[in-house]
Amino acid sequence: MNRIILNPHKNKEDSLWIKDILDGKKLGKLTFKNNEIKIKLKAQFKSYNLKQEALMTYQGTWGNYYQEFIKDYNQEFCDTYIYDFPLFIESARLKPCEKDMFDRPTLLHPAAKKAWRKMKKAAKKESIDLQIISAFRSLEYQKHLINNKLAKGINMEDILKVNVLPGYSEHHTGCAIDIGCKGEAILEEDFDQSEAFGWLTENANNFGFYMTYPKDNTTGICYEPWHWCFKSN
Ligand SMILES: [Zn+2]
C-alpha cells in the first residue's frame, strides 16, 4: 500500500527524496528544519493525498492511516469489519495506454505500461495477440461496480465472491492487467487452456509480470489465470 519511498539526499543532510517505489522516479522532496517538516512535490505530482503519504511514511503512520481511511470509505458496505485482504492504493502516476478489448480507454502506471508494451511486442512476434481486458481501476470505480450490483438486487455476500471492496483491488496500483486474447475465454478459468496463457506462463516473469492469484493461492481470492501484475525489479 505504499507508492513511495524516502531516500537520503546526497548533498543535503536535512532532506529526503520522495521517490516512486516502482521506478525510483523523483516525485519531490521532504525537508526537516527546526522541528518542522516541509514537503515539496514536483508540479505534475502535486496532490494532497501524496503529500500525506510522504509525511506519514516519514512519521511511520501511513499504514495505519490508510487502513482506517479504507475502513471509513467502505462503511456503507460493511458494518462489522471482518475483511482481511491486502490493501492497495491508487497509483499517483498514470499514463493512457491502448484501448482495451471492448474499445474502452485504459490507464497504467508508466513503469507497467513500458513493461506491458515490451511484453505485448514479444508475444506478437510469436503470433500471440495479448489484449487488455481491464487495467487501472480507481476506488470510485470499484465502489460504482459494487453499487451497480447492489442496485440489481444481488446481495453483498455474493458480490464479494467475485469483487473485492474498494481499496483491496490490485488494479488500483495501475500495475495489474486482466489479460485476454481474441477467441479465448474472457475472465474465465478456461483461459489457462489458451496458447496465450501458455506463453505468459513461460515468458511474463521476464517482463516483470506475475500471476497474483495462481491455483491454490492463500489470499482468499479464487484462481485468476488472466490477472497479471507488474512488480518493480
Ligand atoms: Zn484483475
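Side chains of D192 and T201 form no contact here, defined as non-hydrogen atoms less than 4.5 Å apart. W228 is not listed as a side-chain neighbour of M119, based on a closest heavy-atom distance of 4.5 Å or more. Looking at W199 and E195, their side chains never come closer than 4.5 Å, going by heavy atoms from C-beta outward. I221 has its side chain out of reach of H227: every pair of non-hydrogen atoms, C-beta onward, lies at least 4.5 Å apart. Side chains of D100 and S134 form no contact here, defined as non-hydrogen atoms less than 4.5 Å apart. I146 is listed as a side-chain neighbour of P166, based on a closest heavy-atom distance under 4.5 Å. In this structure, K120 and I132 have side chains that are not in contact, with every pair of non-hydrogen atoms separated by 4.5 Å or more. Using a 4.5 Å cut-off on side-chain heavy atoms (C-beta onward), W17 and S15 make no contact.
The closest donor-acceptor contact from the side chain of H171 to the backbone of F136 lies at 3.5 Å or more, if one exists at all. In this structure a side-chain-to-backbone donor-acceptor pair under 3.5 Å is missing from H109 to G174. With hydrogens and angles disregarded, no donor-acceptor distance shorter than 3.5 Å links the side chain of N148 to the backbone of L145. R3 places no side-chain N or O within donor-acceptor distance of the main-chain N or O of T173, the cut-off being under 3.5 Å.
With sequence neighbours excluded, no residue forms a ring-ring contact (aromatic ring centres under 6.0 Å, His included) with F102. Residues passing the salt bridge (Lys or Arg N to Asp or Glu O under 4.0 Å) test with K182, sequence neighbours excluded: none. When the ring-ring contact (aromatic ring centres under 6.0 Å, His included) test is applied to W62, the partners found at least two apart in sequence or on another chain are Y65, Y66. R137 meets the salt bridge (Lys or Arg N to Asp or Glu O under 4.0 Å) test with D178; sequence neighbours excluded. Evaluation of the salt bridge (Lys or Arg N to Asp or Glu O under 4.0 Å) rule for E170 yields K231 as partners, not counting sequence neighbours.
Following chains of ILVMFWY side-chain contacts shorter than 4.5 Å, one cannot reach M101 starting from Y141, and the two form parts of different hydrophobic clusters. F197 and F209 fall within a single hydrophobic cluster, where Ile, Leu, Val, Met, Phe, Trp and Tyr are joined by side-chain heavy atoms under 4.5 Å apart, directly or via other members. By the rule that hydrophobic residues join a cluster once side-chain heavy atoms approach within less than 4.5 Å of another member, L165 and F69 end up as members of one cluster. Cluster annotation: I154 is connected to F77 through the hydrophobic network of ILVMFWY side chains, with a link wherever side-chain heavy atoms come within less than 4.5 Å. The hydrophobic cluster containing L108 does not contain Y210, counting ILVMFWY residues as joined when their side-chain heavy atoms lie under 4.5 angstrom apart, directly or transitively.
A salt bridge does not link K33 to E36: none of the charged side-chain nitrogens sits closer than 4.0 Å to a carboxylate oxygen.
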* What do the steps show when you test K26 against F45 for side chain to side chain contact (heavy atoms under 4.5 Å, CB included), and what is the final call? -> CA-CA 10 Å; K26 289 172 182 164; F45 305 124; over 6 Å; no
Please walk me through it: do Y168 and I70 pass side chain to side chain contact (heavy atoms under 4.5 Å, CB included)?
CA-CA 9 Å; Y168 297 88; I70 289 299; 3.6 Å; yes
**OP:** Show your reasoning for whether side chain to side chain contact (heavy atoms under 4.5 Å, CB included) applies to Q67 and L87.
**Re:** CA-CA 8 Å; Q67 211 136 20; L87 276 168; 3.9 Å; yes
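Listed by first and then second residue, the side chain to side chain donor-acceptor pair (under 3.5 Å) pairs involving residues 87-99 are D20-R93, D23-R93, E98-W116, E98-R117 (not counting sequence neighbours).
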